[in-house]
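Below is one structure; the comments refer to it alone.
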Amino acid sequence: MADPFGLLAELTYRCPLSCAYCSNPLNMAEYTDELTLPEWQRVFTEARDLGVLQCHLSGGEPLLRRDLVALVASANALGLYTNLVTSAIGLTRPKAEQLRDAGLDHVQISIQADAPSLSDSIAGLPSFRRKVDAMRVVKELGWPLTVNVVLHRQNIDRVAEVLDLAEDVGADRVELANTQYYGWAWRNRDALLPSRAQLEAAEQVVRAARDRLSVIYVVPDYYSDYPKPCMGGWAARQLTVTPNGDALPCPAAQSLPLPTASVRSDSLARIWNESPVFTAYRGTGWMPDPCRSCDRREVDFGGCRCQAFQLTGDAARTDPVCHLSPDHAVVTDAVAAANSVVDLQLVPRPHR
Ligand code: SF4
Ligand code: FES
């Protein structure tokens with residue numbers, strides 16, 4: 001078994017935005033008892049001792065943690081590479097300077113579109129201007145900046161303009177991630193799923209932009225013949241710790257019917273090595289056919305366990321995105337619907 005490489009530290013699920021594509025859990029009330037600073041410091045230490053090199057400080061909105069600067073300083077003191085994953089709401093210049101002094105290594109800012117009105121309507125908050133201002137502050141303070149945009153039916157036609165904006169603010173990298181249909185995004189799936197024509201147009205724009213910008217484009221797997229190698233395999237290289245201390249192999253795994261493992265009651269090493277939630281789908285031994293006998297089983301690991309559960313009710317089935325899956329029709333039906341329906345309204349995520 002390999003060591004984990006990255007820790008996704010979900011510091012809080014509180015968030016000022018209400019994006020219709022949010023993939024965080026719906027049962028937010030269960031996550032209000034957030035880990036304290038000393039508890040996170042222990043998690044960071046145990047993660048470092050397990051081999052983790054990168055610490056992604058995420059949420060919700062991590063800037064809502066009053067102790068964020070101390071959290072960054074702790075992770076930095078342990079030698080972890082720290083990445084702040086933020087909406088930028090609250091990333092004022094004084095706060096950014098404190099985070100820089102604490103040793104923050106990298107900033108990733110999400111934006112919903114290239115134009116204020118569309119971006120603000122998707123985010124559910126007037127936020128576009130603050131995000132662009134924060135991007136400029138990040139570059140002025142000398143950080144590498146990744147601009148992240150979740151793509152869907154309502155904004156994918158604006159990819160060229162999004163890339164222009166990223167270039168204008170001096171982004172080092174742009175991450176265009178097609179929506180993952182978990183959490184609130186699942187409820188909005190039919191309004192979010194782009195058409196094939198939209199995707200093909202966006203892909204052409206991305207290809208042309210690669211000469212001038214570093215662009216990561218995460219293909220929407222509903223349109224692929226094979227599933228994504230989700231998380232690089234279940235419990236293979238990444239782990240997530242939720243705001244209340246649950247440890248998971250991926251951020252969406254709390255939806256699966258598996259026993260929970262908490263850093264409040266167990267060490268990260270024991271959780272990683274022995275807990276049922278981490279061992280359930282590690283490797284290839286759990287696989288059913290057609291994955292069991294497939295040449296690609298070490299390439300895509302049977303796809304995404306959370307998607308298999310979402311679409312079939314059984315996390316141990318082949319990801320229905322795979323054209324070899326006996327459940328593939330649930331995906332092709334959704335794609336057919338996306339290519340025939342008129343535009344549906346997004347339902348913003350309610351605040352809790
Ligand atoms: Fe991947 Fe399983 Fe499909 Fe083979 S059958 S391509 S291993 S999902
Ligand atoms: Fe959980 Fe893919 S999102 S395994």
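The figures that follow rest on heavy atoms only: side chains count, while hydrogens, waters and symmetry mates do not. First listed ligand is number 1; within each ligand, the first listed atom is number 1. Along the sequence shown, the residues carry numbers beginning at 1.
Hydrophobic clustering (ILVMFWY, side-chain heavy atoms < 4.5 Å, transitive): Phe5 and Leu80 are in distinct clusters.
Under the 3.5 Å distance criterion, the side-chain polar atoms of Asp105 are matched with a main-chain donor or acceptor of Thr82. Of the possible polar contacts, none joining the Asp172 side chain to the Pro144 backbone as a donor-acceptor pair under 3.5 Å is found.
The aromatic rings of His328 and His323 sit perpendicular to each other, their planes meeting at more than 60°, with 30° as the lower class boundary. Relative ring orientation between Trp234 and Tyr281 is described as perpendicular, the plane-to-plane angle rising above 60° on a 0-90° scale split at 30° and 60°.
Note that SG of Cys22 is 9.0 Å distant from OH of Tyr13, once rounded to the nearest 0.5 Å.
Ranking the protein heavy atoms by distance from atom 7 (S) of ligand 1 puts Asp300 OD1, 3.3 Å first. From the protein, the heavy atom lying nearest to atom 2 (Fe) of ligand 1 is Cys291 SG, 2.3 Å. Looking from atom 4 (S) of ligand 2 to the surrounding protein, the closest heavy atom is Arg305 N, 3.5 Å. When hydrogens are left out, the protein atom nearest atom 4 (Fe) of ligand 1 is Cys294 SG, 2.3 Å; that is the closest non-hydrogen contact.
Residue contact check: Cys250 has heavy atoms under 4.0 Å from atoms 1 (Fe), 3 (S), 4 (S) of ligand 2. Atoms of ligand 1 found under 4.0 Å from any heavy atom of Pro227, numbered from 1 in the order shown, are 8 (S). In summary, the atoms of ligand 1 found under 4.0 Å from a heavy atom of Arg297, numbered by their order in the structure, are 7 (S). The contact set between ligand 1 and Pro290, taken as ligand atoms under 4.0 Å from a residue heavy atom, comprises 5 (S). Atoms of ligand 1 found under 4.0 Å from any heavy atom of Tyr226 (numbered from 1 in listed order, with element): 6 (S). For ligand 2 and Cys230, the ligand atoms under 4.0 Å from any heavy atom of the residue are 2 (Fe), 3 (S), 4 (S). Less than 4.0 angstrom separates some heavy atom of Arg296 from each of these atoms of ligand 1: 6 (S), 7 (S). The atoms of ligand 1 that sit less than 4.0 Å from any heavy atom of Gly302 are 2 (Fe), 8 (S).
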Salt bridge (Lys or Arg N to Asp or Glu O under 4.0 Å) between Glu61 and Arg14, intermediate numbers included:
CA-CA 6 Å; Glu61 177 45 68; Arg14 290 172 286 137; over 6 Å; no
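With a 4.0 Å heavy-atom cut-off, ligand 1 is reached by no atom of Ser325. In Cys304, the parts holding a heavy atom less than 4.0 Å from any atom of ligand 2 are both the side chain and the backbone. Residue Cys322 touches ligand 1 through its side chain alone, judged by heavy-atom distances below 4.0 Å.
Taking the charged nitrogens against the carboxylate oxygens, Arg296 and Glu298 have no contact shorter than 4.0 Å, which rules out a salt bridge.
The shortest side-chain heavy-atom distance between Arg130 and Ile89 falls under the 4.5 Å cut-off. Side-chain atoms of Val263 and Leu268, non-hydrogen and from C-beta on, do get closer than 4.5 Å to each other.
Under the 4.0 angstrom criterion for non-hydrogen atoms, Tyr182 is in contact with ligand 2.
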